[in-house]
Amino acid sequence: LFEHIPFESDDDEAPSFGTGDFTLIAANPALVGMLHKEETKIIGHRLASVMGKDAPLWADCLKRVLQSGRPVLESLRGQEQPGLLYELSAYSPEPGKVACIVKDVSEIHVIAQEMRLNEARFAALYRLTHMDAAPEDEVVRFSLDQAVQLTGSVAGYLFLAQVHDMGRG
């Protein structure tokens, strides 16, 4: 649970929202574990010190909730912990406060990518098994194109060695 604590200002402008404007006032053990920090290092601390490089992403979501009054659901890619992908669901239970539900979807994302790659591999193999009447150069070109595509490469080549008859001089 974050609380919006704006910095003091003498002007009458609309409040601006920075990463330092939000203070973490409650967290469950799962969030503490995800951040790899002790609870005492996050409760009562500003968003920037709690979230590090990810603070601007979080601040953007939190300020949209406060400004619009509507819940927000975002998929965020962690910068503080590369490879971390999470969903942030945020809403305002009362004025000036934003509650967040965070779900680590990194593993789900990796599994979905692997499933899409396997589907593409099977589709390529299926098409290849139906090319028995195709000329050899078409089969080779198809195989090379699929190998490049399925490996995420930008270029590829096949080297076909010449087989020489060893019995001839």
Side-chain angles (χ1 to χ4, degrees), residues 1-127 144-156:
L1 184 62
F2 289 92
E3 183 173 27
H4 176 245
I5 304 173
F7 291 121
E8 295 298 320
S9 175
D10 292 335
D11 56 27
D12 293 330
E13 292 182 26
S16 63
F17 298 93
T19 58
D21 292 349
F22 295 97
T23 300
L24 187 65
I25 58 176
N28 69 354
L31 180 64
V32 173
M34 187 180 97
L35 296 174
H36 302 291
K37 297 182 179 182
E38 296 175 28
E39 189 172 359
T40 58
K41 300 284 186 192
I42 62 175
I43 302 299
H45 293 269
R46 299 283 186 169
L47 180 64
S49 68
V50 172
M51 299 307 298
K53 294 177 188 173
D54 293 339
L57 301 172
W58 283 63
D60 181 55
C61 292
L62 300 178
K63 74 180 179 183
R64 278 189 283 138
V65 170
L66 288 178
Q67 289 172 337
S68 71
R70 292 190 308 260
V72 170
L73 174 63
E74 286 284 333
S75 291
L76 303 173
R77 185 166 303 283
Q79 296 174 19
E80 187 73 19
Q81 298 175 43
L84 179 65
L85 182 66
Y86 50 89
E87 288 180 349
L88 175 67
S89 177
Y91 66 97
S92 182
E94 61 185 73
K97 293 189 179 176
V98 180
C100 299
I101 300 169
V102 181
K103 180 179 178 184
D104 181 351
V105 293
S106 304
E107 187 174 337
I108 294 167
H109 182 69
V110 168
I111 290 169
Q113 283 180 317
E114 289 174 358
M115 287 178 60
R116 284 191 295 275
L117 180 58
N118 283 335
E119 287 172 359
R121 288 175 178 151
F122 286 127
L125 285 173
Y126 178 79
R127 288 179 55 201
L144 179 59
D145 289 345
Q146 291 302 302
V148 168
Q149 181 181 345
L150 293 171
T151 59
S153 300
V154 292

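Counting from 1, the numbers follow the sequence of the chain as shown.
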To the closest 0.5 Å, what do you measure between [atom1] ([X]) and [atom2] ([Y])?
| X | Y | atom1 | atom2 | answer |
| --- | --- | --- | --- | --- |
| Q146 | R121 | CD | CZ | 12.0 Å |
| E74 | L62 | CD | CG | 11.0 Å |
| K103 | Y86 | NZ | OH | 15.5 Å |
| T23 | I43 | OG1 | CD1 | 11.0 Å |

Check residues 108-117 and write down every donor-acceptor pair under 3.5 Å in which the side-chain atom is one partner and the other belongs to a residue at least two apart or another chain.
none

How far apart are the closest heavy atoms of [X] and [Y], and which atoms are they?
| X | Y | result |
| --- | --- | --- |
| L88 | C100 | CD1-CB, 3.6 Å |
| K37 | V50 | NZ-O, 2.7 Å |
| W58 | V102 | CH2-CG2, 3.4 Å |
| A59 | F22 | O-CE1, 4.2 Å |
| V148 | V154 | CG1-C, 4.1 Å |
| L150 | A120 | CD2-CB, 3.5 Å |

For [X], which residues count as a side chain to side chain donor-acceptor pair (under 3.5 Å) partner, sequence neighbours excluded?
| X | answer |
| --- | --- |
| D145 | none |
| S68 | none |
| S106 | D104 |
| T40 | none |

According to side chain to side chain contact (heavy atoms under 4.5 Å, CB included), who are the partners of S89, at least two apart in sequence or on a separate chain?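 Testing S89 for side chain to side chain contact (heavy atoms under 4.5 Å, CB included), a comparison that skips the adjacent residues, returns L73, I101.
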With no hydrogens and no angle check, is any side-chain donor or acceptor of S92 less than 3.5 Å from a backbone partner on K97?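 At least one qualifying donor-acceptor pair exists.
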